[in-house]
Amino acid sequence: MAVEHEAAEAPGGSRGQPVEGHGAPSGSGPFLKVFEGAAQALADLHSGAVVMSGGFGLCGIPECSIAELLRRGVRDLTLISNNIGNRGKGLAQLLKSGQVRHAICSYVGGNPDLEAQFFAGELTLELVPQGTFAERIRAGGAGIRAFYTPTGVGTVAAEGKEVRAFDRPCLLETGLRADFALVKAQRGDAYGNLWFKESARNFSPLMATAATVTIAEVEELVPLGALPAEDIHCPGIFVQRIYQGSHYENAIEYPILRSP
Amino acid sequence: MAVEHEAAEAPGGSRGQPVEGHGAPSGSGPFLKVFEGAAQALADLHSGAVVMSGGFGLCGIPECSIAELLRRGVRDLTLISNNIGNRGKGLAQLLKSGQVRHAICSYVGGNPDLEAQFFAGELTLELVPQGTFAERIRAGGAGIRAFYTPTGVGTVAAEGKEVRAFDRPCLLETGLRADFALVKAQRGDAYGNLWFKESARNFSPLMATAATVTIAEVEELVPLGALPAEDIHCPGIFVQRIYQGSHYENAIEYPILRSP
Amino acid sequence: MARPSATALAGETLTLAHTPSREAVAVTRPPSSGTQALLRGWSDAALAAEVARAIPPRSVVNLGIGLPTQVAQYLDPAASIMIHSENGLLGVEGRPTEATLSPTRINAGKESVDVRPGAAYFDSALSFAMIRGGHVNLAILGGMQVDVQGSLANWSVPGRKLTGMGGAMDLVTGARAVWVMMRHADRSGASKLLERCTLPLTGAGVVARIITELGWFRPTGTHFEVISLAPGVTLSDVGDPALFRTDRVFENASRATQRADEP
Amino acid sequence: MARPSATALAGETLTLAHTPSREAVAVTRPPSSGTQALLRGWSDAALAAEVARAIPPRSVVNLGIGLPTQVAQYLDPAASIMIHSENGLLGVEGRPTEATLSPTRINAGKESVDVRPGAAYFDSALSFAMIRGGHVNLAILGGMQVDVQGSLANWSVPGRKLTGMGGAMDLVTGARAVWVMMRHADRSGASKLLERCTLPLTGAGVVARIITELGWFRPTGTHFEVISLAPGVTLSDVGDPALFRTDRVFENASRATQRADEP
């Protein structure tokens, strides 16, 4: 039945039900998606929420939205992000402040806060091969309930999973969804169309498709029509709220320069 | 074992084995991908081949490659294309000339040649819901062996397929691959990077990923670096041969104009 | 869905946003032949305008080939409705001029279109990710048959014609609401709203609303609720009184259909 | 694969394209302590250069973090090798200057990079579609342990350190050939080429070639074939003679490993 259907459930995640007058602030512009800033856009992001965050290491992370989570102090978050921050920055700040209960990620080298909390039993962790991580998010957003992939067969990543032989053995992996997705793009418009700079794109367009509410922050909010229609990396249909951020640090872990 | 592994098999399709000195002509340029024209690029496209062709109706079809298939008269083709031509144009020309043995497609309204040959038993046909069609091709190119989708449950599209309950019943659908993919883009470079104009993109970037040999024809062959690196719709890794076509008709089925 | 807008999008709180005038429903049931009924009700243009008015602001809507495509030209620009075309285009708006006609800018019906600022083009996998993933609020499709279970047949007449389902099966599965917009009867005069579809299904239990030239209807599981009728149309015009009712008590409605009824 | 090029890409006809000099293999086996061996062979730079020379022209190559990353600077520009970085970038080439440094242009090791004309950026789903779909010809990865079955462990030391597998499991599964580039022994002097991995696997039976500072090796299923040795290194330097052999007769090789041997 198409009137209301749930998409694939995330572990611990849920596709929200329509809620009327539930306190979410209204945006402005023809699509009511443009918000003043992080405080307004994230006002209803509650403790216990399942939150996806774009970024590879510190590249392309939603800096302003993360700062707002830190400021508001929402707790018991489930974070779905490739690295959960790096070198104490990005989402790693939420680890330090004890706001994270569970993390789903792929690579956490260079994240001593996560390591310490994990070994201390302060948070639980699901490590997912990076390609499977990306594909599960894409599936969650695309209404694909599950898929068979050869990645991880014969490793700990296969533990507890159905194995099925095609041309080679494959694991059954399920779609992944979240309550909120926080993404950052270089440019965006009032409909939520997004354009990412260089390799800052990574997981963000996928995560935008897989959350009940996707909140995009952009360095430049541009007029409708300013982004070439062929070159929009994430169509606004996937974005519910957008705001222009500021004071971007755009940190780079290893700024190695050419030898002279 | 990674040295050689087969990807998901298409019904009737196969991922070719590496063949040395098998008669394929060499391209030019730093990546040996640039060919003079359709005759050179399609020289080894043999009778019995499984061929994907981009295009939605007549929009974005590989006109020059289709003309070359017609000229060469290769037979017993399996065609994987959304419409198998339209109104006697595009791939429908290969129907008239009796070169098609099997077709996998989604919508064939406006294709009397196909209809006539199907009812006469001259070719076999697999009709696939369009989203499943697109997703099967993407899966074939992405190494996803199979996936569960709710589309088609309770219809003839479910016949013979495994049904499995997630939040709702889903069908198991397998990846689709081809020997050759023929696609057409507005612009391309010597590495095979492609950029598509407006809605001419449709299935082409997916098909490029799902064939052993992808042959792209472009209206404009541009220098390496001329396409903005963020806005390449199909990275050249998926394209084995490229040539600049000519004499494009770019037919449009229903050119409806604004009422004055 | 926790959206910022206080106004619902289609598929979220359908019954709030969809407000056809109920007073048009006749209370008397004068006898009337089926043939007469075919001549009554909305013209195609009036039907398209009626549907356009019913679409909640800011919805993403996919319009099927044929009658539904005509809805586009009656949309209020202020409603900021985005039209999705499954061939890989979001933001269809109107027709091109001779000068702006482009063979690469078409809708799913393969007709030339224009786009509005904010439109985007994408490949077919992403286009159907939008549909299957529940991102399209509303699909308005043509129909050959719809039944009281909300099942739709609109793609195949076995042995007679070969068309293929195209994107219809994906749309009825993935769009958050499905409306069927069609003539009330087929060319032979037989009602297309049936107790049970006889043609191959596009989807089972998927239709939330049906609009024909005679009025708005809702499959309840046991019958069609008559939500409203076109001017001059009476309840007896629409068909068998056992199949078309105005009450809102649905004893045997399926769970899915009941949910469509929840405000 | 029916490619136009007469020259093979990595992963297609590996043994043709990969031509380390065989004459370097010593015929005598003088005694030598394991500790001594650690000081022999290629420097890191020479190792990177050796690997760079072995990559077939026009290959798409993914370079792992650490030692493999260094290969990039020794590639012959005329070979038109495209470097894939799984964070969403194809066409890495060299390092930026102070003027061209961009925080959004990084490789999978989170280091600043430059790109060559013809480079493309894309999202992570497409990046791993390239990997899982068999479009990346060669992955050159670091390793903690490799065994005679071609199994690799390079991501986890249980209880000691938490890192995560990142893209390594996808790479060993999807790349058409996997080479492991690592030091021959760990810090304690123990060989990292083993009969059986003891650490959690990244993939089972996935490695086609191993290169260490001592030479090139191939897991056969029963032992390591010594393909070639670095200058000054002798067969006895590399380890247990039962595990390292120069013959090319592999009685118990698995089917998969045999295929790696086929020209």
Side-chain angles (χ1 to χ4, degrees), chain B residues 56-60 82-83 86 105-112 114-116 118-119 125 127-135 137-138 149-157 168 186 196-206 233-234 248-260, chain C residues 65 73 85-89 92 94-98 100-115 119 121-132 151 153 155-156 158-159 161-174 200-206 256:
Chain B
F56 186 95
L58 301 176
C59 184
N82 192 58
N83 311 80
N86 204 10
C105 49
S106 163
Y107 186 81
V108 293
N111 200 332
L114 188 71
E115 193 170 33
F118 174 74
F119 284 124
L125 193 61
L127 286 170
V128 183
Q130 198 168 124
T132 300
F133 179 80
E135 191 69 10
I137 295 166
R138 180 193 175 274
T149 173
T151 297
V153 170
T155 76
V156 295
R168 56 197 290 193
Q186 182 67 28
F196 298 88
K197 191 176 172 193
E198 300 177 325
S199 60
R201 196 179 323 180
N202 52 69
F203 301 91
S204 296
L206 318 176
H233 300 150
C234 176
Y248 285 101
E249 183 184 354
N250 286 324
I252 178 168
E253 280 93 333
Y254 303 102
I256 303 175
L257 297 181
R258 194 178 302 174
S259 313
Chain C
I65 299 172
Q73 55 194 297
S85 196
E86 65 266 29
N87 54 316
L89 170 50
V92 172
R95 301 291 181 184
T97 62
E98 196 112 32
T100 65
L101 176 71
S102 165
T104 50
R105 196 170 62 245
I106 63 166
N107 65 16
K110 305 176 187 86
E111 305 167 347
S112 56
V113 293
D114 251 355
V115 297
Y121 299 101
F122 32 83
D123 67 41
S124 300
L126 191 62
S127 186
F128 282 90
M130 293 175 183
I131 293 170
R132 200 190 306 100
S151 295
W155 72 279
S156 172
K161 201 164 187 297
L162 185 69
T163 53
M165 65 289 280
M169 286 187 182
D170 305 279
L171 282 162
V172 300
T173 304
L201 294 188
T202 307
V206 295

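Per chain, numbering begins at 1; letters A, B, ... match sequence-line order.
- Heavy-atom distances place both the backbone and the side chain of F203(B) under 4.5 Å from chain C.
- Per-residue heavy-atom pair counts under 4.5 Å with chain C were compared for I137(B), T149(B), T155(B), and the maximum is reached by T155(B).
- Here the straight-line distance linking atom CZ of F56(B) with atom OG of S127(C) works out to 8.5 Å at 0.5 Å rounding.
- Side-chain atoms of S199(B) come within 3.5 Å of backbone atoms of I106(C) as a donor-acceptor pair (strictly under, hydrogens ignored).
- Here the CD1-CZ distance, from I252(B) to R105(C), works out to 8.5 Å after rounding to the nearest 0.5 Å.
- Annotation: side chain of C59(B) is not in contact with side chain of N87(C) (no heavy-atom distance under 4.5 Å).
- Interatomic distance, D123(C) CG to F196(B) CZ, rounded to the nearest 0.5 Å: 9.0 Å.
- For the set G60(B), A134(B), G109(B), G131(B), the entry with the most heavy-atom pairs within less than 4.5 Å of chain C is G131(B).
- Heavy-atom distances place both the backbone and the side chain of P255(B) under 4.5 Å from chain C.
- Between L127(B) and M165(C) the shortest heavy-atom distance is O-CE, 3.9 Å.
- Remark: the backbone N or O of Q130(B) is paired with a side-chain donor or acceptor of D170(C) at under 3.5 angstrom.
- Using a 4.5 Å cut-off between heavy atoms, N82(B) makes no contact with chain C at all.
- Residue contact with chain B, scored on non-hydrogen atoms closer than 4.5 Å, involves the backbone and the side chain of T97(C) alike.
- With a threshold of 4.5 angstrom between heavy atoms, A108(C) approaches chain B through its backbone and through its side chain.
- Panel note: side chain S112(C), backbone I256(B); a donor-acceptor pair is recorded below 3.5 Å.
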Side chain to side chain contact (heavy atoms under 4.5 Å, CB included) evaluation trace for T163(C) with Y107(B): CA-CA 6 Å; T163(C) 53; Y107(B) 186 81; 4.3 Å; yes
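- Across all their heavy atoms, G152(B) and M169(C) have their closest contact at CA-SD, 4.1 Å.
- No part of Q73(C) comes within reach of chain B, as not one of its non-hydrogen atoms sits under 4.5 angstrom from that chain.
- The most heavy-atom pairs under 4.5 Å with chain C, out of C105(B), P112(B), P129(B), G154(B), come from P129(B).
- Most heavy-atom pairs under 4.5 Å with chain B: of the set G166(C), G88(C), A168(C), A129(C), this distinction falls to G166(C).
- For E111(C) (side chain) and Y254(B) (main-chain N/O), no donor-acceptor pair under 3.5 Å exists by modelled atom type.
- Looking at heavy atoms from C-beta onward, V115(C) lies out of side-chain contact with E198(B) at the 4.5 angstrom threshold.
- Scanning all heavy atoms of the two residues, the minimum distance from A251(B) to P103(C) falls at O-CB, 4.4 Å.
- Closest heavy-atom contact between E98(C) and L257(B): OE1-CD1, 3.8 Å.
- Interface remark: S259(B) contributes no atoms to any contact with chain C (heavy atom separation under 4.5 Å).
- Residue contact with chain B, scored on non-hydrogen atoms closer than 4.5 Å, is absent for S156(C).
- Contact annotation for N107(C): only backbone heavy atoms (N, CA, C, O) come within less than 4.5 Å of a heavy atom of chain B.
- L162(C) places a side-chain heavy atom less than 4.5 Å from the side chain of L125(B).
- Separating the CD atom in E135(B) from the OG atom in S124(C) is a distance of 11.0 Å, to the nearest 0.5 Å.
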What verdict does the side chain to side chain contact (heavy atoms under 4.5 Å, CB included) test give for N83(B) and K110(C), after you've listed the backbone C-alpha separation in whole Å, the side-chain angles of each residue and the deciding distance to 0.1 Å? CA-CA 11 Å; N83(B) 311 80; K110(C) 305 176 187 86; 3.5 Å; yes
